[in-house]
Engineer: 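Questions regarding the structure given below will be posed in turn.
Residue numbers start from 1 in every chain, and the chains themselves are labelled A, B, ... in the order their sequence lines are given, proteins ahead of strands.
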2 protein chains.
Amino acid sequence: MVEETDVYKLLHQRLVAGGFVADLKLQPEQLRKDYNCSASTIREALFRLSTVGVVTFKEQRGFRVPQVSRVVQHELTHMRILLECEGACLSIRLGGVAWEARLSAAHHKLSHIEMRARSKAELEPLFDLWSTAEQEFHETLIDACGSLTLKRTHSIIYQQFRQQLINADSDTIYVPENILQHQGILEAALDRDEDLLRRLIHDHLSRNLAQPLPEKKSW
Amino acid sequence: MVEETDVYKLLHQRLVAGGFVADLKLQPEQLRKDYNCSASTIREALFRLSTVGVVTFKEQRGFRVPQVSRVVQHELTHMRILLECEGACLSIRLGGVAWEARLSAAHHKLSHIEMRARSKAELEPLFDLWSTAEQEFHETLIDACGSLTLKRTHSIIYQQFRQQLINADSDTIYVPENILQHQGILEAALDRDEDLLRRLIHDHLSRNLAQPLPEKKSW
DNA sequence: ACGGCCTTTAATTTCGAAAATTTTTATTTA
DNA sequence: TAAATAAAAATTTTCGAAATTAAAGGCCGT
């Protein structure tokens, strides 16, 4: 039995931090050596991790790290846009000053880090800090939406999204434009401008789309 | 080992059919007797079921059937509206005549059943048939959205939604208005009228909302 | 009578191994 | 030389039990 932090948490951290190559087979018999426990314990942890989609499971084929896929990246981005637009607009309607305060605080923390990183290389030593602050900002953005189900779904999508970017070693994971984009999102939220907020969330994430989302047509 | 159909499938069917009381503790040691296998096998199956949210898991507290909750019902309904509106509109844009044909076929099957059931009592002998056809109709509605991630997320939400209604023994699970509502949805889809389609999907599901969804305000 | 603490019982987690299934490798045949 | 088949090796699934943790019940004190 691993002490201090359990196997589930350790595997989770490693999976979202890119500690396994994309599409790698995750074999309990191998992993048990890394974590000093039994293969059954690893198997259970992997099942739990599949609940949030950071590993995939197929009967009689076992567990795998999800493949890096531009299609999947596009779909996860689309889902983030959908869920964050909805959650952010509902937060505007329901959140009040307390929510605005929390969002401002989250943004303050994030921008503080982003001002110290003008490039991906400069970000490297701050990556974990930035990563946490970025997630916190987006989670706070939808925090007052009034729906745990929406927040839970968003959290699952966000983890998979992040894992895809990290495993792809993508250039889009961090760009210097982030700082202005996050600022714009904050301002639109505080101005309670839902249309602008939707557009800015979309624009912030659109670099992760393989192609533009299909638009409404006149038939 | 249970023959023919495995433990996972049997438990899944029972869970979405209301075969367990809401909020019931699901104890492997008890269930293994029903399914003639070991508690470990049950435990694994329950982990897999928690992936789609038809059981809940808490460390050191085990597995439970989700509680019946109007709040959760409301949130799942909200998610269905969000995902089905998005998926249906994308299907209009991407699906073409093949999709329209599949949707018409799915509707034909559903309406055939719904014409034979003017009340919940009349539906009783046809419930499984209707249930399958209803799910197929809604899944086909979003089938051409171009996103497996959206469809997978919808499927998870739909199963939880269905489980909530059944476990609540809700009066909203089937209403005679369904037939006209499904008809309207089909027609709006075939007319490629996205605004109307969104409204009709919302109206079709709104009886499962605890209160109206918050609307956009002028500030 | 109620609350707190301790003990016992029940439940969950982890384990290592057996059984079942899949994958890989080697051999034989056309 | 390639394909098919069989055997061996590897992997996954299932199992029953031990270890760990939580819950319940009983007893004592205020």
Engineer: Looking at B:Y158, is B:R80 sitting on its ring face, NZ or CZ under 6.0 Å from the six-membered ring centre and within 45 degrees of the normal?
Structural biologist: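 No.
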Engineer: Could you tell me the separation between the CZ atom of A:R32 and the C1' atom of C:dT13, rounded to a whole number of Å?
Structural biologist: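 Those two atoms, CZ and C1', are 17 Å apart.
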Engineer: Is the shortest side-chain N to carboxylate O distance from A:R43 to B:E44 below 4.0 Å?
Structural biologist: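 Here A:R43 pairs with B:E44 in a salt bridge, since their nearest N and O are under 4.0 Å apart.
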Engineer: Check the distance between D:dT21's P and B:Q27's CD and give it to me in whole angstrom.
Structural biologist: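 About 19 Å, once rounded to whole Å.
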Engineer: Only pairs at least two apart or in different chains count here, so list each side-chain hydrogen bond (donor to acceptor under 3.5 Å, both in side chains) that has a residue in residues 86-106 of chain A.
Structural biologist: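 Residue pairs passing side-chain hydrogen bond (donor to acceptor under 3.5 Å, both in side chains), neighbours aside: A:E86-B:H78, A:R93-A:E194, A:E100-A:R192, A:R102-A:D143.
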Engineer: How close or far is atom P of D:dC15 from atom OH of B:Y35, stated in whole angstroms?
Structural biologist: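 Taking atom P of D:dC15 as the reference, OH of B:Y35 is at 14 Å.
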Engineer: Please list, by residue number, the residues of residues 57-65 of chain A whose heavy atoms come closer than 4.0 Å to an atom of DNA chain C; answer none if no residue qualifies.
Structural biologist: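 Residues of residues 57-65 of chain A that come under 4.0 Å of DNA chain C are, in numerical order, A:Q60, A:R61.
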Engineer: Identify, residue by residue, the members of residues 38-50 of chain A with a heavy atom below 4.0 Å from DNA chain D, and return them in order of residue number, or none.
Structural biologist: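 Residues of residues 38-50 of chain A under 4.0 Å from DNA chain D: A:R43.
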Engineer: Is atom CD of B:Q211 surrounded by more than 12 heavy atoms (other residues, nucleotides or ligands) closer than 6.0 Å?
Structural biologist: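 More than 12 heavy atoms, drawn from other residues, nucleotides or ligands, come within 6.0 Å of this atom.
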Engineer: Considering only heavy atoms from C-beta outward, does the side chain of B:I142 approach that of B:L83 to under 4.5 Å?
Structural biologist: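 Answer no - side chains too far apart.
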Engineer: Measure the shortest side-chain to side-chain distance between B:L15 and B:V65 over non-hydrogen atoms and say whether it is less than 4.5 angstrom.
Structural biologist: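 Yes, side chains in contact.
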Engineer: Let me see the working for B:E134 and B:R162 under salt bridge (charged side-chain N to carboxylate O under 4.0 Å, His left out), right down to the final yes or no.
Structural biologist: CA-CA 11 Å; B:E134 214 269 350; B:R162 178 55 58 87; 3.2 Å; yes
Engineer: Can you check the A:E29 CD to D:dA9 P distance for me, whole Å?
Structural biologist: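 Nearest whole value for this atom pair: 17 Å.
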Engineer: Is the ring pair B:H182/B:F137 parallel, tilted or perpendicular, if the boundaries are 30 and 60 degrees?
Structural biologist: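 Judged by the thresholds at 30° and 60°, the geometry between B:H182 and B:F137 is perpendicular.
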